[in-house]
Amino acid sequence: MTKKSTNLLGIIITILAGTYFYISCCSECGMSSNEKPQKEVMAPVVPEATSYPFAFNSGGYDYSTNDNFNFNPSSSAILMPVSQNVENGIDELKSFLTNNAGKVVNITGFYKSDEENDSAFPNLGLARANAVKNYFVSKGIPSSVLNPVGVLNDDLVPKDNIYLGPLEYGLGDRSEDADAKLKELYDRINNDPLVLQFNTAEASINMTAAQRQKFADISSYLDKVDGSMANVVGHSDNTGQRAANIVLGQQRADFAKSYLMRNGIPESKINATSKGPDEPIASNATEEGKAQNRRTVITLN
């Protein structure tokens with residue numbers, strides 16, 4: 001083989017070897033120097049919406065439908081209309097309770113920790129359960145046999161900004177010491193009543209957690225005891241004329257009454273009156289004392 005042929009063969013071998021190693025080892029083969037490997041894009045995982053049925057399967061009553069009462073996030077207002085399947089279940093439940101004295105209905109409302117509570121209740125779960133309780137009452141089921149409770153459930157997932165049936169139901173028997181517990185509740189409410197404070201010449205309500213619990217206790221007692229009433233008495237400091245303060249105290253009492261009604265307590269269960277500046281609990285000689293006197297006090301009759 002001539003020297004020229006040997007050189008040509010070497011060049012060919014070099015080209016072939018270079019091509020092989022380029023194809024085998026280049027991790028960005030086929031890309032320009034400015035291109036980067038494309039990363040695989042993962043589609044976000046969308047959790048499936050939760051849905052709880054309107055169902056009873058214990059206590060001697062059996063009924064179930066996938067429909068239920070629905071709510072928007074951070075709201076305790078039932079979304080209307082209510083399914084006919086739910087309406088049918090309420091009618092059957094009413095008949096069952098009529099024929100089974102001593103049974104009670106436990107209504108458990110769910111809420112999430114990131115929801116804003118728009119109600120007077122300690123949490124939205126209890127507020128939702130109370131809204132359903134009031135709906136049952138509107139259908140002829142006595143409030144005395146309905147027990148609303150609220151439970152935290154961070155597994156709730158809305159569908160199109162709607163929580164589908166964030167509630168569960170159950171049947172139980174009326175407690176043998178129910179009357180004693182109601183007496184204890186009555187004494188606790190009246191010995192440490194719900195007191196709402198107001199700024200000068202204002203009639204707005206800002207409830208603390210402790211006040212919300214007192215409201216829930218008052219609502220529960222009024223539900224369970226026939227003839228019971230909430231006494232709402234408005235008070236003022238002594239700034240200005242007495243007649244004007246009597247009016248201001250009544251405005252505060254009426255505002256508190258309206259607030260109770262918006263949160264499910266019937267108007268027929270509320271008596272709103274005013275004492276104006278006549279029953280101070282602190283000295284009106286100081287701003288601190290005046291602030292304490294501007295109040296509305298809610299007790300039971």
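In this structure, the side chain to side chain contact (heavy atoms under 4.5 Å, CB included) partners of Ala210, at least two apart in sequence or on a different chain, are Thr208. Residues satisfying the side-chain hydrogen bond (donor to acceptor under 3.5 Å, both in side chains) criterion with Ser219, sequence neighbours excluded, are absent altogether. When the side-chain hydrogen bond (donor to acceptor under 3.5 Å, both in side chains) test is applied to Ser51, no partner is found at least two apart in sequence or on another chain. Taking the side-chain hydrogen bond (donor to acceptor under 3.5 Å, both in side chains) definition, one finds that Tyr221 meets it with nothing, sequence neighbours left out. A search for side chain to side chain contact (heavy atoms under 4.5 Å, CB included) contacts involving Ser113 returns Leu152, Asp154, not counting sequence neighbours. With sequence neighbours excluded, the residues forming a side chain to side chain contact (heavy atoms under 4.5 Å, CB included) with Asn161 are Asn72, Pro73, listed by chain and number. Applying the side chain to side chain contact (heavy atoms under 4.5 Å, CB included) test to Thr50 and every residue at least two apart in sequence or in another chain returns Tyr52, Leu156, Val157. Taking Tyr111 as the reference, nothing meets the ring pair (Phe, Tyr, Trp, His ring centres under 6.0 Å) condition, with sequence neighbours excluded. For the side-chain hydrogen bond (donor to acceptor under 3.5 Å, both in side chains) test, residues two or more places apart in sequence or in another chain that qualify with Glu115 are Arg128.
Judged by distance alone, the side chain of Ser258 and the main-chain N or O of Phe255 form no donor-acceptor pair under 3.5 Å.
Neither Val225 nor Val145 shares a network with the other; the hydrophobic side chains, linked directly or stepwise wherever heavy atoms of I, L, V, M, F, W or Y lie under 4.5 Å apart, form separate groups for each. The same ILVMFWY cluster, assembled from side-chain heavy atoms under 4.5 Å apart, contains both Val86 and Ile78. Val233 and Ile298 fall into different hydrophobic clusters, where Ile, Leu, Val, Met, Phe, Trp and Tyr side chains are chained together by heavy-atom contacts under 4.5 Å. Clustering ILVMFWY residues whenever any of their side-chain heavy atoms sit less than 4.5 angstrom apart, transitively, puts Leu260 in a cluster other than the one holding Leu124. Residues Ile281 and Leu248 do not share a hydrophobic cluster, defined by chaining ILVMFWY side chains whose heavy atoms lie under 4.5 Å apart.
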Show me the donor-acceptor pairs within less than 3.5 Å that the side chains of residues 53-64 make with the rest of the protein, sequence neighbours left out.
| residue | atom | partner | partner atom | Å |
| --- | --- | --- | --- | --- |
| Tyr61 | OH | Gly89 | O | 3.0 |
| Tyr61 | OH | Leu93 | N | 3.4 |
| Tyr63 | OH | Asn85 | O | 2.6 |

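Atom CD of Glu116 has 12 or fewer neighbouring heavy atoms from other residues, nucleotides or ligands inside a 6.0 Å radius. Around CG of Asp226, the count of heavy atoms belonging to other residues, nucleotides or ligands within 6.0 Å does not exceed 12. A 6.0 Å sphere centred on NZ of Lys103 holds more than 12 heavy atoms belonging to other residues, nucleotides or ligands.
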Could you walk me through whether Lys269 and Ser228 satisfy the side chain to side chain donor-acceptor pair (under 3.5 Å) test, starting with their C-alpha distance in whole Å, then the side-chain angles of each, then the deciding distance to 0.1 Å, before giving a yes or no? CA-CA 7 Å; Lys269 288 271 190 179; Ser228 59; 3.2 Å; yes
The test is side-chain contact (heavy atoms from CB on, under 4.5 Å); show your working for Tyr163 and Asn70 and say whether it passes. CA-CA 6 Å; Tyr163 286 126; Asn70 301 325; over 6 Å; no
Run the numbers on Tyr169 and Val132 for side-chain contact (heavy atoms from CB on, under 4.5 Å), then give the verdict. CA-CA 11 Å; Tyr169 309 88; Val132 172; 4.2 Å; yes
Does the side-chain contact (heavy atoms from CB on, under 4.5 Å) test come out yes or no for Phe110 and Asp155, once each step is laid out? CA-CA 10 Å; Phe110 297 136; Asp155 290 332; over 6 Å; no
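Only one option out of Lys290, Arg294, Arg242, Arg252 pairs with Asp237 in a salt bridge (Lys or Arg N to Asp or Glu O under 4.0 Å); it is Arg294.
Taking every heavy atom of both residues into account, Val232 and Ala256 meet most closely at CG1-CB, 3.8 Å. The shortest heavy-atom contact between Pro193 and Asn190 is CD-O, 3.6 Å. In this structure, Ala129 and Val149 approach most closely via the heavy-atom pair CB-O, 3.5 Å. Gly234 and Ala253 make their closest contact through N-CB, 3.7 Å (heavy atoms, listed as atom of the first residue, atom of the second, distance). When all heavy atoms are compared, the tightest approach of Ser274 to Ile246 is OG-O, 2.8 Å. Contact detail for Val297 and Arg295: the closest heavy-atom pair is CG2-NE, 3.8 Å.
The distance from the CG atom of Asn245 to the CG atom of Asn293 is 10.5 Å, given to the nearest 0.5 Å. Atom-to-atom distance recorded for Gln292:CD and Gln197:CD is 7.0 Å, nearest 0.5 angstrom. Annotation: the span from Leu146 atom CG to Leu97 atom CG amounts to 7.5 Å, rounded to 0.5 Å. Atom CD in Gln250 sits 12.0 Å away from atom OG in Ser236 (nearest 0.5 Å). Atom CG of residue Leu167 and atom CZ of residue Phe69 lie 8.0 Å apart, to the nearest 0.5 angstrom. To the nearest 0.5 angstrom, Ser83 atom OG is 10.0 Å from Asn66 atom CG.
A side-chain donor-acceptor contact under 3.5 Å links Asn147 and Lys224. Side chains of Glu92 and Asn88: a donor-acceptor N/O pair is absent below 3.5 angstrom, by distance only.
Considering only heavy atoms from C-beta on, Val104 comes within 4.5 Å of Arg174 through its side chain. Val82 has its side chain out of reach of Asp67: every pair of non-hydrogen atoms, C-beta onward, lies at least 4.5 Å apart. Side-chain contact between Asp118 and Ser74 is absent, with no heavy-atom pair separated by less than 4.5 Å. Contact annotation: the side chain of Phe215 never approaches that of Leu196 to less than 4.5 Å [non-hydrogen atoms, C-beta and beyond]. The side-chain heavy atoms of Asn100 and Leu171, taken from C-beta on, include no pair separated by under 4.5 Å. Within the 4.5 Å cutoff, side-chain heavy atoms of Leu300 are placed close to those of Ile218. Contact annotation: the side chain of Val151 never approaches that of Glu168 to less than 4.5 Å [non-hydrogen atoms, C-beta and beyond]. Looking at Ile107 and Val105, their side chains come closer than 4.5 Å, going by heavy atoms from C-beta outward.
Ion pairing of Lys183 with Asp187 is present here, as a side-chain N (NZ or NE/NH1/NH2) and a carboxylate O approach within less than 4.0 Å.
For residues 71-88, every residue pair satisfying the salt bridge (Lys or Arg N to Asp or Glu O under 4.0 Å) rule, not counting sequence neighbours, is listed here: Glu87-Lys139. Applying the salt bridge (Lys or Arg N to Asp or Glu O under 4.0 Å) definition to pairs two or more places apart or across chains, those involving residues 210-222 are Arg188-Asp217, Asp192-Lys214.
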